[in-house]
Each structure stands twice: as structure tokens, then as C-alpha cells.
Amino acid sequence: MKIFRVYRLYIAAVVLMFFLVHTPFGIAVSNGMAKKMIFKPIAVDAVHEEEAASSVKYMYDSMQLSSMGLSQEAFEYAIKGYTYLKNKGKLLNERTLSIIDFTKPSSQKRLYVIDVNNYKVLFNTYVAHGQNTGQEYANQFSNKAESYQSSLGFYLTTGTYMGKNGFSMQLDGLEYGFNDRASERAIVMHGAPYVSEEFIRQRGFLGRSHGCPAVSPQLNKPIIDKIKNGSCLFIYSDNKTYLSRSRILNA
């Protein structure tokens, strides 16, 4: 009988402890009086999101990307898409992430190739946009053939070849309605003589392509060799239509 009473007391104590641990309340002192205050437990997802945001901010700051002109917003979008594609198993080359920031004029270095594992900027250089996308700034975008406009969004880098523009790299557009026709439009990364500081001094801006992200002839091979065969390339603009409708950014 005594053992039974002890057992009942033990069960009651366990139930009480469970109740105290899982009941969302606390005591706060205000004006010398104690009163109940309701605390909402932090969701696990919220904790993970906070930790992820802190990690992204650390990466951004440690690489001094702000001083290089890349906005934190552009970087956060790029990391979000890169992480999504990595988790989906889309990336064969997970080491590098390339970002083109079309909010900047072509007279500024707006291509960033980042070593994601070592938090290092491998390249920061000039890149051209399409001739019908704008003159100094890129502000008109299209996914249509013969538009001669650049296309926003996430791309997968693929193979290389020697073409009329020399050593080049094919791009696979991953965003339906925004860049998924890149292959049929022959949108590739290649070198071009109109991507140079001399051209900027003469005209005030870079020459323009047929929609390809063209880089300088001196850097196209080193850059392509680093990012080819399955890495993530993100072409960014603060275009409201793209940001609100991108299936990757809004996944």
C-alpha cells in the first residue's frame, strides 16, 4: 500500500513537471507587482532561419562585399537560390557561386565569382548586358528569341566549346518564363573586346551583347574554367516582376 502511494506521488510529480515545462507562461515584475506574461515559444524553423540569416550576414561581411558594391539584398537572394538548388541536387560544382548585379551600371565591376567554401571572392570584374536591355544600365529583360535582351534569374553552368567568340560556356536557364529559353537563344558566357576599361573610357559604358553575359577576353577562360560544369550563376536585378514571381526565390 505504501509502495502504491509512493508510485502515485511519483506519477503526479512527473505530470506536474511536464505541465510546467510545456506551459507557455512566465512571471514578469512591473512597478513592483508580479503579473503573468504570455511567452510564445520560438518555432524550430524560426531558430534555423535566424541562424541562417546570421551565417549569410557573416559571409557577406567577411568578404567585404559591400565595399565591392554588391548589395546585401542581392547576396541574400543569391545564397537562397544557391541553397535551394544545392538541396535539390542540381549543382555538380558546389564550390562556386557567381552573381551578376544588374542594378549597377556596366561601367562598374558587377560580376562576382565567390568561393562558397572558403568565403573568398575569386573574381570581381566587368560583364556586359544585351543591346536591347539598356545602354549604361540593364533595365529591360526578356526570355524571347531575337530580343537581344538579357534574362534574369538562376542558371546552371554547363559545358564549354570553341565558337565564333572563342572559348565559351553554355548556360542552362532554370527559371520558367524568365530564362528557360537560354539554350535555344544561344545565351552563353564568352569573351568580347567591347568589355574593357578602354571601351568605358571612350563611351562611358561597356559595349553590349545579344543577351549574353560577356566578359573580357583576358578573363573569360580563367573565369569559365573555375565555374564550368554545374555551378550556380545568378543574374540579379531589383525587378519587381521577377522577385515576386521567381519560383526559386519564392519556394
Side-chain angles (χ1 to χ4, degrees), residues 45-46 48-60 63 65 70-104 110-117 119 121-123 127 129-130 133 138-145 147 149-159 169-189 211-213 223-224 226-251:
D45 286 346
H48 288 168
E49 287 180 7
E50 185 176 346
E51 290 176 349
S54 177
S55 177
V56 171
K57 181 67 164 60
Y58 175 79
M59 289 178 64
Y60 179 79
M63 289 184 285
L65 291 172
L70 180 65
S71 73
Q72 186 174 332
E73 181 181 57
F75 182 69
E76 288 176 352
Y77 280 131
I79 290 293
K80 183 175 184 179
Y82 165 86
T83 303
Y84 172 85
L85 295 172
K86 180 179 178 180
N87 291 340
K88 290 289 186 180
K90 299 287 188 181
L91 304 180
L92 298 177
N93 177 359
E94 299 177 355
R95 298 183 305 276
T96 58
L97 167 63
S98 305
I99 306 170
I100 296 174
D101 185 357
F102 274 163
T103 65
K104 299 176 63 176
R110 54 186 182 172
L111 168 61
Y112 306 81
V113 178
I114 296 169
D115 180 335
V116 178
N117 294 333
Y119 298 179
V121 179
L122 303 175
F123 297 95
V127 61
H129 55 252
T133 286
N139 46 43
Q140 299 291 327
F141 307 100
S142 176
N143 193 33
K144 296 179 180 179
S147 66
Q149 292 183 0
S150 298
S151 302
L152 298 176
F154 288 90
Y155 294 79
L156 188 67
T157 67
T158 59
M169 178 182 65
Q170 296 168 319
L171 297 171
D172 184 12
L174 302 177
E175 303 224 52
Y176 177 78
F178 290 104
N179 64 20
D180 60 306
R181 301 180 68 183
S183 294
E184 66 179 87
R185 293 180 60 202
I187 300 300
V188 302
M189 179 174 281
C212 298
I223 291 174
I224 290 173
K226 185 65 67 172
I227 70 175
K228 65 185 179 182
N229 297 333
S231 75
C232 176
L233 167 66
F234 178 48
I235 299 182
Y236 168 76
S237 169
D238 55 3
N239 180 277
K240 292 181 180 178
T241 300
Y242 169 71
L243 295 178
S244 64
R245 297 182 182 178
S246 166
R247 296 182 181 179
I248 293 179
L249 290 182
N250 295 288

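In this text the structure is predicted, and so the values were computed from the model without any measurement.
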Nearest heavy-atom approach of Leu171 to Pro213 is CD1-CG, 3.9 Å
Nearest-0.5 Å distance that lies between atom CG in Leu65 and atom CE in Met59: 8.5 Å
Once ring pair (Phe, Tyr, Trp, His ring centres under 6.0 Å) is applied, do any residues pair with Tyr155, and if so which ones, sequence neighbours excluded? none
Side-chain contact, heavy-atom cut-off 4.5 Å: Ile100 with Leu233? yes
Hey, mind stepping through Tyr242 and Leu249 against side-chain contact (heavy atoms from CB on, under 4.5 Å) and telling me if it holds? CA-CA 9 Å; Tyr242 169 71; Leu249 290 182; 3.7 Å; yes
side-chain contact (heavy atoms from CB on, under 4.5 Å) between Tyr77 and Ile99, worked out: CA-CA 10 Å; Tyr77 280 131; Ile99 306 170; over 6 Å; no
dist Lys90:NZ -> Leu174:CG (nearest 0.5 Å) comes out at 7.5 Å
Suppose we screen for side chain to side chain donor-acceptor pair (under 3.5 Å). Which residues come up paired with Tyr112, at least two apart in sequence or across chains? Lys104
Any donor-acceptor pair under 3.5 Å from Thr83 side chain to Ile79 backbone: yes
Indicate yes or no for a side-chain donor-acceptor contact from Asp180 to the backbone of Gly177 under 3.5 Å, with no hydrogens or angles considered. yes
Short question: side chain of Asn143, backbone of Arg181 - any donor-acceptor pair under 3.5 Å? yes
Could you check Asn239, Ile235, Asn139, Thr133 and say which one makes a side chain to side chain contact (heavy atoms under 4.5 Å, CB included) with Phe102? Ile235
Closest heavy-atom pair and its distance - Gln170, Val188: CA-CG1, 4.0 Å
Under 3.5 Å, side chain of Asn250 to main-chain N/O of Ser244, donor-acceptor pair present? yes
So, the side chain of Ser150 versus the backbone of Gly130: is there a donor-acceptor pair under 3.5 Å, distance only? yes
Counting only N and O atoms by type, is there a donor-acceptor contact under 3.5 Å from the side chain of Lys228 to the main-chain atoms of Gly159? no
So, using side-chain contact (heavy atoms from CB on, under 4.5 Å) as the criterion, who are the partners of Asn229 when residues are at least two apart? none
Give me the atom names and distance for the closest heavy-atom approach of Ser98 to Val113. OG-CG2, 3.8 Å
Less than 4.5 Å apart, any side-chain heavy atom of Arg110 and any of His129? yes
Under 3.5 Å, side chain of Tyr60 to main-chain N/O of Leu70, donor-acceptor pair present? yes
Go through the side-chain N and O atoms of Arg185 and Ser151 and say whether any donor and acceptor fall under 3.5 Å apart. yes
Can you measure from CG (Leu152) to CG (Asp238) and round to the nearest 0.5 angstrom? 9.5 Å
Please name the pair of heavy atoms, one in Cys212 and one in Ala186, separated by the smallest distance, quoted to 0.1 Å. SG-O, 3.6 Å
As a quick check of understanding, evaluate side-chain hydrogen bond (donor to acceptor under 3.5 Å, both in side chains) for Tyr236 and Glu73, giving each step before the final call. CA-CA 10 Å; Tyr236 168 76; Glu73 181 181 57; 2.8 Å; yes
Side chain to side chain contact (heavy atoms under 4.5 Å, CB included), paired with Ile248, selected from Phe154, Phe178, Phe234: Phe154
Hey, does Met169 have a side-chain heavy atom less than 4.5 Å from the side chain of Thr158? no
Looking at every heavy atom in both Met63 and Tyr119, which two are closest together, and how far apart are they? CG-O, 3.1 Å
Using modelled atom types and a 3.5 Å cut-off, is there a donor and acceptor pairing between side-chain atoms of Arg95 and backbone atoms of Asn117? no
To the nearest 0.5 Å, what is the distance between SG (Cys232) and CG (Leu85)? 5.5 Å
For the pair Leu122 and Ile114, evaluate side-chain contact (heavy atoms from CB on, under 4.5 Å) and give the outcome as yes or no after the intermediate values. CA-CA 6 Å; Leu122 303 175; Ile114 296 169; over 6 Å; no
For the backbone of Ser142 and the side chain of Gln149, can you confirm whether one donor and one acceptor N or O come within less than 3.5 Å of each other? yes
Exactly one of Asn93, Leu91, Leu92 should register a side chain to side chain contact (heavy atoms under 4.5 Å, CB included) with Ser231. Which one does? Asn93
Do the side chain of Ser246 and the main chain of Leu243 share a donor and acceptor less than 3.5 angstrom apart? no
From Leu111 CG over to Asp101 CG, what is the distance, rounded to the nearest 0.5 angstrom? 10.5 Å
